[in-house]
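The block underneath contains the structure these notes are about, expressed in structure tokens.
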Amino acid sequence: MITQLPGIRPEIALQAIPDDERVWVPQAPEVWFRPLLLNTVTGSWCNLLRVRKAGVLSRHIHPSWVTGLVLKGAWRYLEHDWVAREGSFVYEPPGEIHTLVVDEAAGAQEMVTFFNIHGAMVYVDAQGAVTAYEDVFTKIGMCRRHYEACGLGGGYVDQFIR
Ligand SMILES: [Fe+2]
């Protein structure tokens with residue numbers, strides 16, 4: 001019986017919220033991501049984002065689309081008047097610029113959200129000038145460096161790469 005076609009990369013099935021704190025990769029003060037799928041073929045990635053109160057995901061633009069599902073807590077964008085709460089689905093269209101915060105107005109101490117991001121996150125200043133970017137390859141690099149430093153080993157990230 002054929003169970004695996006030639007050339008097909010293995011599936012991923014894992015516990016999304018890890019028991020081991022070291023799996024969370026620090027990204028900024030009070031901001032972490034947990035890689036789930038780092039897709040080098042499509043240039044997209046799936047991760048959990050965890051932000052604790054007073055954490056800020058700096059202002060950025062998405063050249064491609066993003067979807068998200070809030071698993072825990074609540075957060076908001078400084079540029080919008082809605083709050084994403086546990087169970088909320090979010091779609092961010094290409095061209096969207098925003099700054100993600102967990103603050104008094106969001107009304108939570110912490111949030112965990114699943115995000116599927118395509119292409120890149122391009123960080124911009126108030127004038128729209130590019131200050132930094134992230135794509136699936138920079139995310140892999142961040143993971144590898146963190147896992148090396150925390151003792152899991154740089155190769156820990158390989159299980160998420162396709
Ligand atoms: Fe975003």
Side-chain angles (χ1 to χ4, degrees), residues 12 14-18 21-147 150 156-157 159-162:
I12 296 173
L14 48 73
Q15 180 184 319
I17 297 180
E21 174 63 25
R22 296 175 300 171
V23 177
W24 290 100
V25 180
Q27 174 158 334
E30 301 303 312
V31 180
W32 300 260
F33 71 95
R34 185 270 199 260
L36 296 166
L37 167 63
L38 299 160
N39 192 328
T40 62
V41 177
T42 61
S44 58
W45 67 99
C46 296
N47 64 20
L48 299 184
L49 186 72
R50 183 178 73 190
V51 182
R52 292 191 171 139
K53 197 167 183 181
V56 176
L57 186 62
S58 303
R59 181 176 151 87
H60 59 274
I61 184 168
H62 292 284
S64 190
W65 59 298
V66 174
T67 50
L69 180 65
V70 183
L71 303 181
K72 179 182 177 187
W75 53 270
R76 69 188 186 100
Y77 288 129
L78 296 180
E79 294 80 0
H80 296 297
D81 61 5
W82 46 265
V83 174
R85 303 180 193 284
E86 188 174 313
S88 293
F89 170 78
V90 174
Y91 165 66
E92 304 174 2
E96 165 75 8
I97 298 177
H98 49 224
T99 312
L100 189 156
V101 296
V102 173
D103 63 1
E104 287 294 339
Q109 295 299 315
E110 177 182 283
M111 73 81 141
V112 175
T113 300
F114 170 85
F115 279 113
N116 186 7
I117 298 149
H118 303 266
M121 292 179 59
V122 179
Y123 293 90
V124 294
D125 66 17
Q127 282 69 46
V130 174
T131 57
Y133 81 96
E134 292 180 332
D135 63 14
V136 68
F137 302 103
T138 69
K139 297 305 263 190
I140 290 170
M142 288 173 73
C143 292
R144 204 176 291 286
R145 286 188 296 276
H146 168 69
Y147 293 144
C150 76
Y156 188 80
V157 69
Q159 63 187 297
F160 312 120
I161 301 174
R162 292 295 184 273

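Everything numeric here is computed off the predicted structure, so don't read it as measured data. Note that ligands are numbered from 1 as they come in the structure, with each ligand's atoms numbered from 1 the same way. Numbers for residues simply follow the sequence, beginning at 1.
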Parallel, tilted or perpendicular: which one describes the rings of H118 and W65, with boundaries at 30° and 60°? parallel
Give every protein N, O or S atom lying under 2.8 Å from the Fe ion (ligand 1), naming each by residue and atom. H60 NE2, H62 NE2, H98 NE2
Could you tell me whether the side chain of V102 reaches within less than 4.5 Å of the side chain of E110, counting heavy atoms only? no
According to the interplanar angle, ranging from 0 to 90°, do the rings of Y77 and H98 count as parallel (below 30°), tilted (30 to 60°) or perpendicular (above 60°)? parallel
Crowded around K53 NZ? As in, over 12 foreign heavy atoms under 6.0 Å? yes
Run the salt-bridge test on E134 and K139 with the 4.0 Å N-O cut-off and return the result as yes or no. yes
Among D103, V90, V51, which one satisfies side chain to side chain contact (heavy atoms under 4.5 Å, CB included) with W75? V90
